[in-house]
Amino acid sequence: MENKGSDEVEKLKTKFLSAWHNVKYSWALKSKTSFSRNSPVLLLGKCYHFKAEDDDSPTEACYEPFDEDFVMGNVEAFRKDFASRVWLTYREEFPPLPGSTLTSDCGWGCMLRAGQMMLAQALTLHFLGRDWTWPEALALQPLDTHTWTTTAAKRLVASLEASLQSSPGTSDHSLLPVHQAQAPGSAEEADPHLKEMYHRTLVSWFGDSPSAQLGLHRLVRLGLTMGKQAGDWYGPAVVAHILKKAVEEAMDPGLAGITAYVSQDCTVYSADVIDSHRAPTAGQASPESSDAPPSPQDDQPASSRAVIILIPVRLGGEKTNPDYFNFAKSILSLEYCIGIIGGKPKQACYFVGFQDDSLIYMDPHYCQSFVDVSTSDFPLQSYHCPSPKKMPFSKMDPSCTIGFYSRGVQDYERITQELSKVLQPSAKEKYPAFTFVQGHGRDYDLSASLTPEKKEWPFIRDPRRTVTTAGDFVLL
């Protein structure tokens, strides 16, 4: 009897906390982000300059997404590029998450959302290419406090009323399957209509429903196998492993041509990555026996797969070592970099670029309503952000996961050559953030005894390791 009463109290607490988070993260302050007109801005490998040749105005400028007077240099190109990245935030009023009664991820799901954004960027590179931008990006409306505070108050009342009622039952609304990707051909040369179809299909894979291939429900279900539950804090290393499983287990034919790899002990084993490129992913049909469309990489053999490379690292001890900032800049200057997930302590975000000593990021801490992506014409506006944010590198949490997209074996060989130069220790950086090693991870027996929970700590190393490599990872 006491256990039953305790369970009811916990459920009531969960509902009230969810109601509070829904209100807290629905208040979006319309703020301006300052950008220097004299310094270049790097966004996932693209460089932008905001200063016109004849501009003699002050060096600092406030960037407001829709200030028509602030159009100089190629700032409009930056605006369009940034707003074209897929933005995944807190949502509410979706079907209950696996193993819980939660219908919102407000207050705890930010790292999963950041991971989804990084994965979405990889899929954008895979299907559309880095030069793709959404035609409607510049038409996005800025986030407005007034309209959101009004709806936030209504949400609070509704949530509190629901908290006093019995637990909600299963919705009788049957969600339709998400859209399957159509034959890509060469997406980068496709007409705008076909590209928009790719765009819409890609977003639908991240829908907040149990059937979405890469949606929150799927990620939470996979997290249960690692000891994580809905409402728990997910670290960047655990999210990397969850994303890997999600991509591997995705059954949509459109995702058959891509897989994921997670480094071990801050080490990327080249033979494992090459095997991932060449071998079909478990649970997915081979190209010969599947009706899946051909992958967009025309220059690769039919059996080749693209690989998303995820590298959990720790850039310091309790705080981020400032010596790693130049390394982070170099990484974000590469077009095949899909960003970094990390953020402040217990507050995750998705880093996509930098200017001077500040990182540019996309913020998932904004609660939006559930969107049914099973409909053919679901609105896309809430999946794109018009407002970039900046954070000093010194405030970044040292624990993070870096992502790269490799289209094929030749692409991977080029990536390793370029990154090896970036990873060369300097006078300040005595140790690289991660390393590349020839061979398979099993040859070193590094993680045979590690549980998924222990993999949360990327700095764990096996004392039995018999082969040493230059620049082993240590905490500075």
Side-chain angles (χ1 to χ4, degrees), residues 40-48 78 81-82 84-86 114-133 184 186-189 198 202 236 240 243-244 247 255 257-263 266-270 272-278 295-301 304-313 326-342 350-354 359-362 400-424 432-436:
V41 176
L42 271 295
L43 178 67
L44 294 172
K46 295 285 187 181
C47 182
Y48 297 95
F78 168 78
D81 192 2
F82 179 86
S84 296
R85 302 311 104 202
V86 177
Q116 284 183 314
M117 285 190 271
M118 185 164 67
L119 186 53
Q121 176 60 18
L123 294 176
T124 299
L125 292 179
H126 184 65
F127 290 103
L128 297 167
R130 182 60 187 91
D131 293 333
W132 173 83
T133 54
S186 178
E188 297 185 49
E189 299 176 359
Y198 293 144
L202 191 158
L243 295 178
K244 177 180 182 292
V247 174
L255 292 168
I258 190 167
T259 186
Y261 168 86
V262 179
S263 66
C266 299
T267 304
V268 178
Y269 293 93
S270 293
D272 290 334
V273 178
I274 292 174
D275 285 349
S276 297
H277 272 300
R278 292 174 175 166
S295 187
Q297 56 262 30
D298 292 338
D299 58 337
Q300 296 295 331
S304 177
R305 294 172 182 275
V307 178
I308 300 168
I309 303 171
L310 303 174
I311 309 175
V313 298
N326 286 334
F327 161 77
K329 285 183 176 182
S330 299
I331 291 296
L332 293 169
S333 300
L334 305 171
E335 286 198 9
Y336 49 81
C337 175
I338 56 174
I340 302 172
I341 59 172
Y350 173 44
F351 297 111
V352 294
F354 67 91
L359 294 165
I360 300 171
Y361 68 97
M362 299 178 73
C400 59
T401 290
I402 303 169
F404 301 100
Y405 169 78
S406 176
R407 191 175 291 277
V409 175
Q410 292 182 350
D411 205 23
Y412 175 70
E413 291 174 350
R414 178 178 62 87
I415 289 173
T416 56
Q417 291 176 0
E418 294 182 3
L419 285 180
S420 294
K421 297 177 182 178
V422 173
L423 293 167
Q424 285 293 330
F434 60 89
T435 60
F436 288 94

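These figures come from a predicted structure and were not determined experimentally.
In terms of the salt bridge (Lys or Arg N to Asp or Glu O under 4.0 Å) criterion, Glu413 has no residue partners (sequence neighbours excluded).
Put simply, OG1 on Thr267 and CG on Asp272 are 11.0 Å apart, with the number rounded to the nearest 0.5 Å. Here the straight-line distance linking atom CZ of Phe82 with atom CD1 of Ile360 works out to 8.0 Å at 0.5 Å rounding. With rounding to the nearest 0.5 angstrom, the CD atom of Gln424 is 11.5 Å from the CG atom of Leu419. Here CZ of Phe436 is found 9.0 Å from OG of Ser263. Values are rounded to the nearest 0.5 Å. The distance from the CG atom of Leu255 to the CG atom of Leu202 is 8.5 Å, given to the nearest 0.5 Å.
Residue Ile402 comes nearest to Met118 through the heavy atom pair C-SD, 4.5 Å, listed as atom of the first residue, atom of the second, then distance. Of all the heavy atoms in Ser270 and Thr416, the pair that sits closest is OG-CG2, 4.5 Å. The two atoms that bring Phe404 and Phe434 nearest to each other are CE1-CZ, 4.0 Å, heavy atoms only. A pairwise comparison of heavy atoms in Lys244 and Val262 identifies CD-CG2, 3.6 Å as the closest pair. Here the closest heavy-atom approach between residue Ser304 and residue Arg407 is recorded as OG-O, 4.3 Å. Contact detail for Thr401 and Pro312: the closest heavy-atom pair is OG1-CA, 3.6 Å.
Put simply, the side chain of Val313 reaches to within 4.5 Å of the side chain of Cys400, judged on heavy atoms. A 4.5 Å side-chain heavy-atom check between Asp131 and Lys46 finds at least one atom pair inside the cut-off. In this structure, the side chains of Val86 and Leu123 stay at 4.5 Å or more apart for every pair of heavy atoms.
The backbone N or O of Ser276 lies less than 3.5 Å from no partner atom in the side chain of Thr259, so there is not a single donor-acceptor pair. Between the Arg130 side chain and the Leu44 main chain, a donor and an acceptor come within less than 3.5 Å of each other. A donor-acceptor contact shorter than 3.5 Å links the side chain of Tyr261 to the backbone of Tyr269. With hydrogens and angles disregarded, a donor-acceptor distance shorter than 3.5 Å links the side chain of Arg85 to the backbone of Asp81.
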Report task. May I have the step-by-step check of side chain to side chain contact (heavy atoms under 4.5 Å, CB included) for Phe78 and Val41, ending in yes or no? Result -> CA-CA 8 Å; Phe78 168 78; Val41 176; 3.7 Å; yes
Can you give the donor-acceptor pairs under 3.5 Å from side chains of residues 333-342 to other protein atoms, not counting sequence neighbours?
unit_1 : atom_1 : unit_2 : atom_2 : d
Ser333 : OG     : Lys329 : O      : 2.7
Tyr336 : OH     : Glu418 : OE1    : 2.7

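The aromatic rings of Tyr405 and His126 sit perpendicular, their planes meeting at an angle over 60°, well past the 30° parallel limit.
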